[in-house]
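First up is the structure itself, then whatever we jot down about it.
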Amino acid sequence: MAELLSLDVQDFYSLGEVHLPLVGRGLLRLEGRNLDASAANDNGAGKSSLPEALAWCLYGRTLRDGVGADDVVRIGAKQCSVSVMFRAEGIHYRAARERTKGKTRLSLFGADADLTCLDIVDTQARITALLGMDLLTFVNAVVYDRAELTRFSNAADADRKRILEGLLGIDIYERCHEVAKRRYAEVEVEERQTQAEVQWAEQAAGTARKDIEEQRTASERWEETRLSELAALDGRLGGYEGVVARMRQAETQVAASRAEAKAKQDLRFAKQTEVGEELARLQGPVATLTQQINGLDVELEQIDSVGVGACPHCRQPVTAEHLAETRRVYMERRAQLAPKYEKAQASLVKVQQASRRVITEIEAAYQEAHRRAEEQARLYHQEMAEVRRLEALKAERAAKAKQASPHVVALIQAKGRLQRALEQREALAGRSETMAAKREVLRFWVTAYGRGGIRSYLLDEVTPRLNERANAVAQVLTGGDLEISFSTTTSKKDGGTSEKFSLSVSNRHGARVYGGNSEGEKRRADLCVLFALHELARSKVGNLGLLFLDEVFDVLDDAGVERVSSFLQEITGEVGTVFVITHNAGLSDLIPGHVTVQKRGGLSSLLGT
């Protein structure tokens with residue numbers, strides 16, 4: 001619980017240098033004296049600037065609307081400063097706020113230490129925490145002016161609830177309600193998206209199942225075709241071993257035929273060589289004899305052609321006898337060579353004829369062997385071609401036997417898609433259930449934080465206290481003539497009830513509704529409501545030891561003034577220090593203690609503090 005101790009002001013609004021003790025002062029009249037405008041009497045002296053300075057120092061805001069940040073500095077001054085001493089949990093603290101043009105500085109000191117944070121926002125949060133209330137609660141607990149007097153009585157149902165929620169500090173539930181509604185809407189959207197994703201996953205699973213069935217059917221058809229083709233290949237490969245055996249037999253025969261042909265060829269070459277050598281041996285003598293005979297014939301032609309002169313052989317003079325003798329000699333010699341030549345030539349022809357016959361026979365045998373070898377080779381190549389063809393079929397069959405269905409991969413992929421879709425659906429279904437559970441929880445909190453929830457319950461709880469306090473005040477101010485009633489429900493024409501925070505004022509000697517009373521009676525009713533709300537605010541945050549009442553009693557008639565004096569004494573006993581600002585002369589006379597705010601030359605100061 002916090003207690004305000006003193007206020008120090010320097011150049012705030014019209015206030016110059018001011019020190020105002022706040023604790024244990026009792027009931028004081030706060031009067032004004034405006035020496036700058038005698039016609040204004042006590043108006044404009046700066047009385048209301050004191051609670052303004054208090055609120056500005058502690059919360060950084062003034063009570064007036066439309067005030068700029070630099071407007072708090074007194075005209076002619078360069079800066080202003082306000083400090084407040086207060087006690088919280090037995091420890092003394094001092095909060096100080098300064099304003100120079102364009103800059104605000106906030107400090108906090110306590111327990112002989114500087115508690116100022118680096119950030120002004122953090123320092124403000126620390127002060128608010130020490131006081132235990134925000135600005136709205138502070139104003140409702142400490143400061144009441146004439147403008148506030150009728151605000152609650154004339155407010156609509158929603159505004160009355162809002163005022164009470166602010167006093168009770170349950171306006172946070174409105175923010176909680178908005179957060180819960182926003183989160184509820186977000187979860188609804190997320191849940192719908194999740195449900196849509198679940199449907200998509202189910203569709204994906206259905207598509208995958210269809211693909212699996214199609215691929216399985218296609219794979220079965222493909223396998224049937226493959227087995228049929230393998231059977232056909234097996235049929236075509238039935239004679240493979242026989243063809244291989246024939247090819248190998250043909251290969252053996254080809255080798256034998258080629259060996260035989262080679263042998264015949266070698267024999268032919270050997271015979272040709274032998275015949276050639278024999279012919280060469282026989283052709284030598286034939287050639288020699290032929291050369292000798294031809295030489296003799298040439299000689300004879302020369303002899304026959306010589307007429308006279310020397311003999312070309314013996315160089316003897318040529319005579320007929322000599323030529324005849326020479327011719328006879330050459331003819332004998334030629335006659336001797338002719339039988340030899342004929343014999344040698346006959347032997348040569350005989351050998352030639354014999355060798356030609358042998359070689360022809362050998363050549364015929366070779367050609368026959370060669371023909372057989374070529375035929376065997378042709379048959380071998382034919383069989384080999386058939387083997388290769390069958391081996392190609394074997395390779396084709398082996399490949400086909402190992403061949404995997406092209407639909408297997410697609411089938412595996414489809415099964416994978418199905419597995420992922422099922423897993424995703426399961427995860428999404430779990431997520432959807434979580435979202436549904438979260439949505440129901442949020443639905444509960446939307447209702448709980450709503451008007452008909454916690455706030456309504458708390459208002460129901462506080463309504464009896466408001467009625468009790470308001471009627472206690474009415475007993476003092478009106479002698480029990482007015483009865484104040486707060487209600488959270490109203491009757492409907494059908495006999496039921498609906499939630500509506502209403503205020504009714506019943507006058508024992510007059511109207512039974514608020515609006516039917518006189519202005520004086522309504523103002524007394526407003527005061528009953530005001531002090532009931534003040535007591536509610538104090539019950540929430542504790543007694544700060546201070547209350548400013550700014551012109552709230554000026555609407556009272558003389559009868560009301562007499563009654564309010566004793567009530568103020570009661571309030572002062574509860575609070576500690578009560579400052580009353582009033583223009584009601586009758587009430588002023590009933591409050592002996594006073595503090596005067598005097599304004600001279602635009603500068604306000606305190607007298608009699």
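- Looking at heavy atoms from C-beta onward, Arg87 lies out of side-chain contact with Ile91 at the 4.5 angstrom threshold.
- Looking only at side-chain heavy atoms (C-beta outward), Leu58 and Val82 stay at 4.5 Å or farther from each other.
- Side chain to side chain, Thr128 and Gln124 meet the donor-acceptor criterion of an N or O pair below 3.5 Å.
- Looking only at side-chain heavy atoms (C-beta outward), Val552 and Val580 stay at 4.5 Å or farther from each other.
- A donor-acceptor pair shorter than 3.5 Å cannot be found between the side chains of Gln10 and Ser81.
- To the nearest 0.5 Å, atoms NZ (Lys101) and NZ (Lys78) are separated by 12.0 Å.
- Distance check, rounded to the nearest 0.5 Å: CD of Gln569 to CG of Leu590 gives 9.5 Å.
- The backbone N or O of Ser48 lies less than 3.5 Å from no partner atom in the side chain of Asp550, so there is not a single donor-acceptor pair.
- Residues Phe531 and Phe567 form a side-chain contact, since some pair of their non-hydrogen atoms from C-beta on lies under 4.5 Å apart.
- Aromatic ring centres of Phe138 and Tyr59 lie closer together than 6.0 Å.
- Taking the side chain as every heavy atom from C-beta outward, Arg192 and Val189 approach each other to under 4.5 Å.
- Taking a cutoff of 4.0 Å between a charged side-chain nitrogen and a carboxylate oxygen, Glu440 and Arg443 qualify as a salt bridge.
- The two atoms that bring Pro592 and Arg29 nearest to each other are O-NH1, 4.1 Å, heavy atoms only.
- Taking each heavy atom of Glu31 and Lys47 in turn, the nearest pair found is C-CD, 3.4 Å.
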Go through the steps to decide whether Leu30 and Leu50 satisfy the test side-chain contact (heavy atoms from CB on, under 4.5 Å), and finish with yes or no.
CA-CA 10 Å; Leu30 189 58; Leu50 293 172; 3.8 Å; yes

Taking it one step at a time, do Gln598 and Ser605 satisfy side chain to side chain donor-acceptor pair (under 3.5 Å)?
CA-CA 5 Å; Gln598 177 177 285; Ser605 58; 5.2 Å; no

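- The CZ atom of Arg94 lies 7.5 Å from the CE atom of Met85; values are rounded to the nearest 0.5 Å.
- A side-chain contact (heavy atoms from CB on, under 4.5 Å) with Leu108 is found for exactly one of Leu130, Asp114, Asp122, namely Leu130.
- Counting all heavy atoms, side chain and backbone alike, Ala53 lies closest to Val9 at CB-CG2, 3.9 Å.
- Using a distance-only test at 3.5 Å, with no hydrogens or angles considered, a donor-acceptor pair links the side chain of Glu52 to the main chain of Leu63.
- In summary, Lys181 and Glu178 engage in a salt bridge, as defined by a charged side-chain N under 4.0 Å from a carboxylate O.
- Side-chain contact check for Val595 versus Phe579: some heavy-atom pair is nearer than 4.5 Å.
- Within the 3.5 Å criterion, the main-chain N or O of Arg25 finds a donor-acceptor partner in the side chain of Thr577.
- Looking only at atom types and distance, the side chain of Gln203 has no donor-acceptor partner in the side chain of Gln199 under 3.5 Å away.
- Between Asp36 and Arg600 there is no salt bridge, since none of the side-chain N atoms of the basic residue sits less than 4.0 Å from a carboxylate O of the acidic one.
- Residue Ala474 comes nearest to Ile484 through the heavy atom pair CB-CG1, 4.4 Å, listed as atom of the first residue, atom of the second, then distance.
- With respect to the salt-bridge test (charged N to carboxylate O, under 4.0 angstrom), the residues Arg431 and Glu190 qualify.
- Side-chain N/O atoms of Thr582 and Asn584 include no donor and acceptor closer than 3.5 Å.
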Go through the steps to decide whether Val529 and Phe486 satisfy the test side-chain contact (heavy atoms from CB on, under 4.5 Å), and finish with yes or no.
CA-CA 9 Å; Val529 172; Phe486 295 90; 4.1 Å; yes

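- Not one N or O on the side chain of Asp71 forms a donor-acceptor pair closer than 3.5 Å with the backbone of Val67.
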Starting from the C-alpha separation in whole Å, work towards a yes-or-no answer on side-chain contact (heavy atoms from CB on, under 4.5 Å) for Val578 and Leu28.
CA-CA 6 Å; Val578 177; Leu28 296 171; over 6 Å; no

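- Using a 4.5 Å cut-off on side-chain heavy atoms (C-beta onward), Val84 and Leu54 make contact.
- Put simply, the side chain of Ser14 never gets that close to the backbone of Gly46: no donor and acceptor are under 3.5 Å apart.
- Of all heavy-atom pairs between Ala470 and Cys528, the closest is O-CB, 3.7 Å.
- No more than 12 heavy atoms of other residues, nucleotides or ligands shown are found within 6.0 angstrom of CD on Glu426.
- Under the 4.0 Å criterion applied to side-chain N and carboxylate O atoms, Arg465 and Glu468 are not assigned as salt-bridge partners.
- To the nearest 0.5 Å, the span separating CZ on Arg74 from CD on Glu17 amounts to 11.0 Å.
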Take His583 and Asn43 through the test side-chain contact (heavy atoms from CB on, under 4.5 Å) and record every step on the way to the result.
CA-CA 9 Å; His583 296 288; Asn43 288 322; 3.1 Å; yes

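- The minimum heavy-atom distance linking His19 with Ser6 is given by the pair CE1-CB, 4.0 Å.
- Looking only at distances, a side-chain donor or acceptor of Arg97 sits under 3.5 Å from a matching main-chain atom of Cys57.
- The closest side-chain heavy-atom distance from Tyr449 to Ile172 is not below 4.5 Å.
- To the nearest 0.5 Å, atom OG1 of residue Thr596 and atom CZ of residue Arg33 are 5.0 Å apart.
- To the nearest 0.5 Å, the span separating CG on Leu418 from CZ on Arg425 amounts to 8.5 Å.
- Judged by distance alone, the side chain of Arg126 and the main-chain N or O of Leu115 form a donor-acceptor pair under 3.5 Å.
- Asp481 and Arg508 are joined by a salt bridge, as a carboxylate oxygen and a charged side-chain nitrogen come within less than 4.0 angstrom of each other.
- Taking the six-membered ring for Trp and thresholds of 30 and 60 degrees, Phe12 and Trp56 have ring planes inclined between 30 and 60 degrees apart.
- Asp11 places no side-chain N or O within 3.5 Å of a backbone atom of Val73 that could act as its donor or acceptor partner.
- Checked by atom type and distance alone, the side chain of Thr123 pairs as donor or acceptor with a backbone atom of Cys117 at under 3.5 Å.
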